[in-house]
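Okay, structure first, notes after.
Each chain gets a letter, A, B and so on, in the order the sequences are listed, and its residues count up from 1.
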Amino acid sequence: MAMEITNLSKDNLKKMFKEGKRFDGRSLLDFREIEISSNVSNKAEGSARVKLGKTEVVVGIKLGVGEPYPDSPDKGNLTVSADLLPLASPRFELGPPDFPAIELPRLVDRLIRHSDIIDLGKLVIKEGEKVWTVYIDVYPINDDGGLIDASAIGALVALRGAIIPELDENGKVDYDKKSKKKFPLNEDSIPISLSFFKLGDSIILDPTREEEEACDARITYGISKVGKEYMINSCQKNGEIILTTEEINHMMKAIPEKYDSIMGKLKKYI
Amino acid sequence: MTKSSFKRIDGRKSNELRPITAKVGIIPNADGSALFAFGNTIAIAAVYGPRQLHPQHKQNPTKAFLRCNYDLMSFSVSERKKPGPNRRAQEISKVTEWALAPVLDLDSFPGTVIDVQIYILQADAGTRTAGINAASMALAHAGIPMKDLVCSVAAGKQDKELIVDLTKEEEDFKEGEGATDFAIAKVANSDEYTLLQLDGKIQPNIVSDVLELVNGACKEIYEAQKKALKEVVKK
Amino acid sequence: MKKSIKEEQEENSEFNREPSDSESVKRVVVVPGETIVSGEDYLPGEGTRRINEDVVASRYGLAEIAGRVIKVISLFGAFIPRRGNVVIGRVSDITFRGWNVDIDSASAGFLPIEESPRFINKDEMDQFLAIGEVVAAKIWNVNARGIDLSFKGKGLGKLEGGFIFRVIPSRVPRIIGREGSMVNLIKDKTGCNVTIGQNGWIWIRGSSISEEIRARKAIEYVAEQVFIDGLTEKMEEWFDKNK
């Protein structure tokens, strides 16, 4: 096991953040360099690789034919899952998922679902009987912090390049047949995730692993923009700590600007 | 050995490998890491350790425990694979351990574990052999003492014709004697074999031809592995 | 059993030796199983073995061909603890006999209560060293149960202030430099205190945050350089550029 964060490093980071400094020279709310490639796995209906500094995730989308849920017979199904591979970090272990492995896909699921980026109504094959089930699977390759935000970007880019496979005459999926059917996306709503981290009285974005481990709490927002209006689609505080009104307002103030700056970096990929 | 007139589905010669991609140092967190691809089959591997092994009763007081974990990413195959290792993946993990252990000096690290994590990003047959090639590079990269690299490739037959590095389409060949898939790993600089796994039909008197074919292929694989390990160190 | 001090020092100097800078050394990257040189005159050193006429690499790394003895020095990989190594670790637990110290290696470190410079009541052990605190200690024994640590030595003990970070452990000798030349240069240029653990963990404490950041960046820069020829001059330049 890699060494856990020490009291020294935690105190030191607290001091640094108070002065607005970080080891890599970023300001507190800056993101690291984002590097994206799409279609990285040719059997997936859509896929993407996202690098956020040294953090790397791969997201793949598979479609299968399934039954609709009884309460939504006219909608396709969405399932997001993540496997925190021991490949990606000395801290990840094989075996049943622990809480971070459960929380990550839930957060990605919620920001995608509530932003309405997927037009689930167009993923019906036969109403009440057969619909497409969309699987979004997230695999971290190297965890150097900020996995949730990187995964959300990966899911977004993978969705934007996804296709719907062809069905054969028996209604079975023919994965070998090349399909050009575009995946039904709502073009007006593009969600990303912004995870703020708190250490002492400071709030930062996009932490490295070292910074993330020093922090006391994380608040993840799923943000989209419809027309000129920014929308919070999901939100979750993680960690035993209080947030003040001032801190919440500080984040609200940062959200629009951060959304636009990240979107600027993503533009050429989506 | 094989007739030169024979053409494969993708136009390759019988002894021709798919284009190889080999890279080292792709996972900064790991002590060693590598990517190895045969055409559309892409394997990545990370090595962690020697590190502490829990629980204690699993520790071997005389040598390091080599623990390999092979799995397909859910979207690497046509029909989504449910995440988590099934029996096939568990068996491949085990034969991968047996393929790699013979070259490693595990005695130097008693009581520890060396973890080898192998994931298939994209599958078009030959995933276990690509995984072994990636793992062998990653183990070297991690500085684990080893006497040589391990190179691996599948040989096979299409009806009666011997071929090397089969694609999924070739594996699914059904005419005549059908397809035979014979996964082999060998120690790079000696004629010692560390993986033998076969499905199909093959005559005992042909196996020496298969080994000859594999030896040729492994030379190319070794050169690619060597090049990647050298390239990662920049002047 | 404990070895003599002389033996211990010899072992240390072997492990801590930094590659020499002299022009006559030839360095090439080799892979396991690769023949480095041929001929009976050559002697297989660390990381190599003899097969007939050949000296062959038994690990991946930088082969040093200097004189008769051929060695292969690791460039990557986990820390392998050796007797006499100074390491930096984190107190992970307190037992009635002493402190468990995580030194980021395959075996757990243990610091016996007797290593405390003053008498400590068993119920007040955390006043001397609490969980999460950082120590610099020396490995005085490696055995099947784990690694015994000691505070006997210059600069060893609990570390206060500053921060720690990790580099690839095999890069430590070059960060120290010949007879400490590299680390001394970094200390001089930044005014920071620096303690280097052989396990790759490094402690820095300076008078200001910006100097601490600069010292860390300098060390990370050195750690990235694989070939060390002319590294001291390169570092002088680096400091001129990164003021």
Next item on the list: Identify which part of B:Val47 has an atom lying under 4.5 Å from any heavy atom of chain C, answering side chain, backbone, both or neither.
Entry: neither
Check: Quick one: what part of B:Phe109 sits under 4.5 Å from any heavy atom of chain C, side chain, backbone, both or neither?
Finding: side chain
Check: chain B: which of C:Gly77, C:Gly61, C:Pro169, C:Ser170 shares the most heavy-atom pairs with it under 4.5 Å?
Finding: C:Gly77
Note to self: Tell me if the OH atom of C:Tyr42 is crowded by more than 12 foreign heavy atoms within 6.0 Å.
What the structure shows: no
Next item on the list: Grab the two heavy atoms, one from C:Tyr60 and one from B:Leu229, that are nearest each other, plus how far apart they are.
Entry: OH-O, 2.6 Å
Item checked: B:Lys63 atom NZ, neighbour heavy-atom count above 12 within 6.0 Å -> no
Next item on the list: List the atom of B:Gly49, the atom of C:Ala78, and the distance in Å for their closest heavy-atom pair.
Entry: O-CB, 3.6 Å
Notebook entry, point to check: Checking C:Arg166 against chain B: side chain, backbone, both or neither under 4.5 Å from a heavy atom?
Noted result: side chain
Next item on the list: Check each atom of B:Pro110 against the heavy atoms of chain C and say whether the ones under 4.5 Å are side chain, backbone, both or neither.
Entry: neither
Next item on the list: Count the heavy atoms belonging to other residues, nucleotides or ligands that lie under 6.0 Å from CD of C:Glu40, then report whether that count exceeds 12.
Entry: yes
Note to self: Check this for me: B:Arg88, atom CZ, are more than 12 non-hydrogen atoms of other residues, nucleotides or ligands nearer than 6.0 Å?
What the structure shows: yes
Check: Hey, which residues of residues 50-58 of chain C are touching chain B, say heavy atoms under 4.5 Å apart?
Finding: C:Ala57, C:Ser58
Notebook entry, point to check: Which heavy-atom pair separates C:Phe76 from B:Asp31 by the least distance, and what is that distance?
Noted result: CB-O, 4.1 Å
Checklist line | Residue-level interface, residues 119-149 of chain B with chain C, non-hydrogen cut-off under 4.5 Å | finding: B:Ala140, B:His141, B:Ala142, B:Gly143, B:Ile144, B:Pro145, B:Met146, B:Lys147, B:Asp148, B:Leu149
Item checked: Interatomic spacing from OG in C:Ser105 to CD in B:Gln52 - rounded to 0.5 Å -> 6.5 Å
Check: If you look at every heavy atom in C:Gly33 and B:Asn189, which pair is closest and at what distance?
Finding: O-ND2, 3.5 Å
